[in-house]
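To start, the structure under review is shown below, and the notes come after it.
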4 protein chains.
Amino acid sequence: MSISFASDYTKGAHPKILEALIANNLNQMPGYGTDAICDRAKLKIKEACGCPGAEVFFLVGGTQTNQTIIDMLLKPYEGVVAAGTGHIAQHEAGAVEFSGHKVLTITPAGEETDTDRFGSEIGKISAVELDAYIEAFYSDGNHEHMVFPGAVYISHPTEYGTLYTRKELTDISSVCRKHGIPLFLDGARLGYGLMSKRTDVSLKDIAELTDVFYIGGTKVGALFGEAVVFPKGCPVQHPVPVIKQHGALLAKGWLLGLQFDTLFTDGLYFEISRNAIEMAELLREKLKEKGYTFLLDSPTNQQFIMIDNDKLKEIEGQVGYSYWQKGDSTHTVIRLATDWATTKEDIDRLMEYL
Amino acid sequence: MSISFASDYTKGAHPKILEALIANNLNQMPGYGTDAICDRAKLKIKEACGCPGAEVFFLVGGTQTNQTIIDMLLKPYEGVVAAGTGHIAQHEAGAVEFSGHKVLTITPAGEETDTDRFGSEIGKISAVELDAYIEAFYSDGNHEHMVFPGAVYISHPTEYGTLYTRKELTDISSVCRKHGIPLFLDGARLGYGLMSKRTDVSLKDIAELTDVFYIGGTKVGALFGEAVVFPKGCPVQHPVPVIKQHGALLAKGWLLGLQFDTLFTDGLYFEISRNAIEMAELLREKLKEKGYTFLLDSPTNQQFIMIDNDKLKEIEGQVGYSYWQKGDSTHTVIRLATDWATTKEDIDRLMEYL
Amino acid sequence: MSISFASDYTKGAHPKILEALIANNLNQMPGYGTDAICDRAKLKIKEACGCPGAEVFFLVGGTQTNQTIIDMLLKPYEGVVAAGTGHIAQHEAGAVEFSGHKVLTITPAGEETDTDRFGSEIGKISAVELDAYIEAFYSDGNHEHMVFPGAVYISHPTEYGTLYTRKELTDISSVCRKHGIPLFLDGARLGYGLMSKRTDVSLKDIAELTDVFYIGGTKVGALFGEAVVFPKGCPVQHPVPVIKQHGALLAKGWLLGLQFDTLFTDGLYFEISRNAIEMAELLREKLKEKGYTFLLDSPTNQQFIMIDNDKLKEIEGQVGYSYWQKGDSTHTVIRLATDWATTKEDIDRLMEYL
Amino acid sequence: MSISFASDYTKGAHPKILEALIANNLNQMPGYGTDAICDRAKLKIKEACGCPGAEVFFLVGGTQTNQTIIDMLLKPYEGVVAAGTGHIAQHEAGAVEFSGHKVLTITPAGEETDTDRFGSEIGKISAVELDAYIEAFYSDGNHEHMVFPGAVYISHPTEYGTLYTRKELTDISSVCRKHGIPLFLDGARLGYGLMSKRTDVSLKDIAELTDVFYIGGTKVGALFGEAVVFPKGCPVQHPVPVIKQHGALLAKGWLLGLQFDTLFTDGLYFEISRNAIEMAELLREKLKEKGYTFLLDSPTNQQFIMIDNDKLKEIEGQVGYSYWQKGDSTHTVIRLATDWATTKEDIDRLMEYL
């Protein structure tokens, strides 16, 4: 592969993380995240979120984090409400069901979606639909024989790179609080959402409006790691055994703390996220110039374009991309993702192929 | 309640079952279905199904049976494909997910269904849609990150009283066999399907075309009990502990054997099922006479009518019915179900209220 | 088999239950235990227990009941403490583990037990051992990596027919309350415990000292059914979907209500339990006369004797018994159980063989 | 803490791993272990194991690995046989039960163990006991109501640092094969077992005698990672979704491949393991010189000594150790662990405190 825009997790970590790793490599540390580096990283994250009373945990990867958090939020007879396009509904091998819970989808699963939802809405749920769903559930005389909506899952950015506005998030949060249902925001790509030129949502807004969210490291400059934040505290009395039961308690937990400590020092997380956004904007411009059309107008680091099937064959093996879905009879929809380390030169090289 | 058509499980058992119960009450029997009455009942069922090599188990209720069979069929990373209106997808409190498996729905969940599917199709899946779903799954480059389709669930009659034709069943069965996926038919109301005036599907057809099905007792003349038939044998080497783990192994298993032995002696099961169908036909006729319109043209014992909301208030507390869904602004859709014990007098009394 | 003392669930139901069944057979009843008969039965049970504020549920069988209650009591990271000989630890096919929880045994698993525990202690746990176990758990620096003790399971009578004294129950209850851990009493044979000549424990004592228990029907005069009592209310906000998820929600729930209504009318449950005890005392006397020795001095309906292996071969196929464990080189330990319907004539016939 | 011998996972990774990480940091790699580095590492491991037909997977941590493998090996109605002291039985927060399976322990849980087992036997199971357990299970007439032994778990080195001899492993393997039950060897500290001066077991022996084992990285020079080897192939048709369901599929799987590629280049894994052994031998010598007594004669990197309680207080906060268990009235048993990076200077410093 000469150049890849297949995803935002093709590279290692920001050099500062490797430096910190080398510096701490032989310092002996207690296990399972009970070390001072984790403590320091948690403090910095709580400060960045504006919620000193938060509880923060570091987990290793996205599916693991979604599964563990959802299992923490739900009672056994409850399911999690999500968009049909949600990562937990589609691409986590049934990890939520494996833990005993149904994913209750309230929008279609993607390709089938009518085009009206495209643009800035695909991948999102609306407060109105959510409220209607919950109201309908409780007004159904048979609801004791059905799966209770016990938490709401949203991703921001979504799997389509789209973003909630602050107004939308506030409305969803209000619906959740009206019904006493916790709101969980999957921030696997959170940095790219926060640094979008077209967002009015800040990290503090998210901490205020959700009950739990995570700050993705794997896709934003870390080797691996997701920082889970419960702004009002964790609902589980003993989170450690719950995390361990999910196979999610890293022996050398300080590796996670160290990465987030680095990312949340001097705003590195935000700075490198901004790079991905700037490169995505540049990419979009250049693609437009070349006449490519877009599946939707994505404000973040993932761009979805229609590409001629012949062209696609031509670049095969030379340009890394993600197959997304069928387009029309002569085109395919592919995803191109920039990341924290993408350079202008990378874009130039990509455009040579395209 | 003066008269109820709310469901087909409002009454006890056929008098012959009670007689058999009294006759055997103090005969000492070994536990857990290892008795001679169960053996005899199994033989009669295998004969009725035309498959002497079948394995038969007796379980207590429908949700329990669906959960246990599906768990027997699936590998941990597999889900069960079903209609969005399927009982397992809607009204079993997430029992399938509780066992760790996703229900993969390939049609909408009911009310939202566009009216084109109504008539004889609602509640069913089609071989074409099923095949397309499975093909799409395996052609998706990410399918190792998704839930594998590991079994297909259909109900016959469906939750809407509709029936598959032999052609349709054959086609679905062919798709399943092509992909090596077992076909499971939920026959909670099987008698009412087999005795419909408008079916060409026999019990032997079902035994031939499916990999597992059950013959519902709870809704068809028994106090409780479902007879699970694996026409080609059970895929699980030790079914007893699996059944017990699901809380489904009755200590006095002979109670189940005794009921099915009675129902499968001299064709009682079919005879009493026919009564429900005849009463449903009579009911439909009378309702049509009175000008009621139907949600769909159901060929079995469940009839779905549009009823004026004022009328509904009027009969409240006097006529038992099942609320089904909203109709138009002035009407509601309700379900009226006949059963093995419904009499002409019951219909007459109902019509007085309607 | 000419006569069987193999277990206390070899027969059907007390005739009064069959009469009630016949009388109610065609009365139409709402489903899932929402009927008036269930309500009436619950009232009678609450009165018998002396706790009007209790919540009562009717489930179908023992393993199902143990599994469902334990799952209701435990958080995901908790296990249930039990005797190694406990039914949940040995003979329920891992139903508790199937629901995700460990059984934490604090005594050996039976046969290996040193003989000092025999006599009246086998099958029981002690308050002292329980307290030591819980104290040791919390004083272990690694306990966040271990399974938390989240509930305590005892059976009364135990699997060996032994009984707790009121003092012992009170002490266990105190330990549980000290640690904030609910106490669950498996009463599959509760009647036989309450009617023992050698007990000072009443039903009201049990209601006062435990957090949940059940009154066994299957082994004490009912066709099937266990009445679960939460004296201080159920800890789960929505028990119906939890019960349904466990496959334990009977469609014709009134069948359970009707049986317990009958058993708790005019003290029938206690009266028929007393019969089993009287017959067990008679049996013990006669066995002693014949020179049989006992594994332990059981005060309830299960008697465990050493029998010569040659004798055992002789009665094979004529007398039903339960193999219990190996005895010495020439003897085997077998269990003989009387029940609610055992007669003097049954005992006489048995003794002819023995 | 001035110096810590608390465990073998207190430090980062061998410098060569960090070098490899830096060298590959910005090379774009496909996700989820589908990269060329993983392929290369797998080849090297298969070669070292002498089994070119093996299947190898890289997982992140020990509990996760144990849980995932055991879930792969077992049918739903099966449990895993283990020593009562086994890590899965004691210190994994019930992760095996969380996946629905019972841990069937055939030896006591440790402290209670009578002293006869100490020395080289503690932590191990014997082929004779294992065979007796399985034979007893199948000869129990009630075994269909019990948890089937479906796999055998051993650790090598054990949690007490002890080792199986080749003869013992061969015998256990024979018992497993006789009964058709797979043998799983937890090698979280495998290097320290293989490099012990007192072992006759090679990596190839393990590959020959077991059905699955893992080569621990976390405790032997890697940042994290366990290499799972199925010498005769994996019994699960689609391991990827199974691994993902357990939250164990690392997005940047190449990080695992890279570490094992480094460890299995030029015998690095063995070389650094030998260091820990040599340091442990030195430590043992020096401790003996000082008159310390040992809980057992451990042939690997974990040493368990009796230490005076006053001495323990004195070194508190200065020397890192693991509390193990109570000793006599004036002593405590502590664990001291050497690792791949322990130096003679570390030992000297430790001895100054002791």
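Order of the sequence lines fixes the chain letters, A, B, ..., with proteins taken first and strands second; residue numbering starts at 1 for each chain. Note that the coordinates shown come from a computational prediction; the quantities given were computed from them, not determined experimentally.
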Between the CE atom in B/M72 and the CZ atom in B/F57, the distance rounded to the nearest 0.5 Å is 5.5 Å
Write out the donor-acceptor pairs between chain C and chain B under 3.5 angstrom, atom names and distance to 0.1.
from: C/S4; atom 1: N; to: B/Q28; atom 2: OE1; distance (Å): 3.1
from: C/S4; atom 1: O; to: B/Q28; atom 2: NE2; distance (Å): 2.7
from: C/Y9; atom 1: OH; to: B/Y32; atom 2: OH; distance (Å): 3.4
from: C/T10; atom 1: O; to: B/M29; atom 2: N; distance (Å): 2.9
from: C/T10; atom 1: OG1; to: B/Q28; atom 2: NE2; distance (Å): 3.0
from: C/K11; atom 1: O; to: B/K252; atom 2: NZ; distance (Å): 2.9
from: C/G12; atom 1: N; to: B/N25; atom 2: O; distance (Å): 2.6
from: C/G12; atom 1: O; to: B/K252; atom 2: NZ; distance (Å): 3.0
from: C/A13; atom 1: N; to: B/N25; atom 2: OD1; distance (Å): 2.7
from: C/A13; atom 1: O; to: B/N25; atom 2: ND2; distance (Å): 2.6
from: C/N25; atom 1: O; to: B/G12; atom 2: N; distance (Å): 2.6
from: C/N25; atom 1: OD1; to: B/A13; atom 2: N; distance (Å): 2.7
from: C/N25; atom 1: ND2; to: B/A13; atom 2: O; distance (Å): 2.7
from: C/Q28; atom 1: OE1; to: B/S4; atom 2: N; distance (Å): 3.1
from: C/Q28; atom 1: NE2; to: B/S4; atom 2: O; distance (Å): 2.7
from: C/Q28; atom 1: NE2; to: B/T10; atom 2: OG1; distance (Å): 3.0
from: C/M29; atom 1: N; to: B/T10; atom 2: O; distance (Å): 2.8
from: C/Y32; atom 1: OH; to: B/Y9; atom 2: OH; distance (Å): 3.4
from: C/Q64; atom 1: NE2; to: B/G247; atom 2: O; distance (Å): 3.0
from: C/Q67; atom 1: NE2; to: B/Q245; atom 2: O; distance (Å): 2.8
from: C/A93; atom 1: O; to: B/Q245; atom 2: NE2; distance (Å): 3.3
from: C/T218; atom 1: O; to: B/K252; atom 2: NZ; distance (Å): 2.9
from: C/A222; atom 1: O; to: B/K252; atom 2: NZ; distance (Å): 2.7
from: C/Q245; atom 1: O; to: B/Q67; atom 2: NE2; distance (Å): 2.8
from: C/Q245; atom 1: NE2; to: B/A93; atom 2: O; distance (Å): 3.4
from: C/G247; atom 1: O; to: B/Q64; atom 2: NE2; distance (Å): 3.0
from: C/K252; atom 1: NZ; to: B/K11; atom 2: O; distance (Å): 2.9
from: C/K252; atom 1: NZ; to: B/G12; atom 2: O; distance (Å): 3.0
from: C/K252; atom 1: NZ; to: B/T218; atom 2: O; distance (Å): 2.9
from: C/K252; atom 1: NZ; to: B/A222; atom 2: O; distance (Å): 2.7

Report the option among C/L255, C/I243, C/L59, C/V96 that has the most heavy-atom pairs separated by less than 4.5 Å from atoms of chain B. C/L255
With respect to chain C, which residue among B/L26, B/L223, B/V60 yields the maximal number of heavy-atom pairs within a distance under 4.5 Å? B/L223
Quick check: do C/I88 and C/V80 have side-chain heavy atoms less than 4.5 Å from each other? yes
Is C/I215 close to C/L263 at the side-chain level, that is, under 4.5 Å between some pair of heavy atoms? no
Can you sort out the partners of B/F224 under ring-ring contact (aromatic ring centres under 6.0 Å, His included), two or more places apart, ordered by chain and number? C/F224
Within this structure, what is the CG-CG distance for the pair C/L21 and C/L258, rounded to the nearest 0.5 Å? 6.0 Å
Any side-chain heavy atom of C/L249 within less than 4.5 Å of one from C/V240? yes
Cut-off 4.5 Å, heavy atoms of chain C, and the answer for B/I22 is both
I'd like to check C/L350 versus C/L283 (side-chain heavy atoms, cut-off strictly below 4.5 Å). Are they in contact? yes
Nearest non-hydrogen partners of C/A93 and B/P241, listed with the distance: CB-O, 3.8 Å
Can you tell which part of C/A222 gets under 4.5 Å to a heavy atom of chain B, answering side chain, backbone, both or neither? backbone
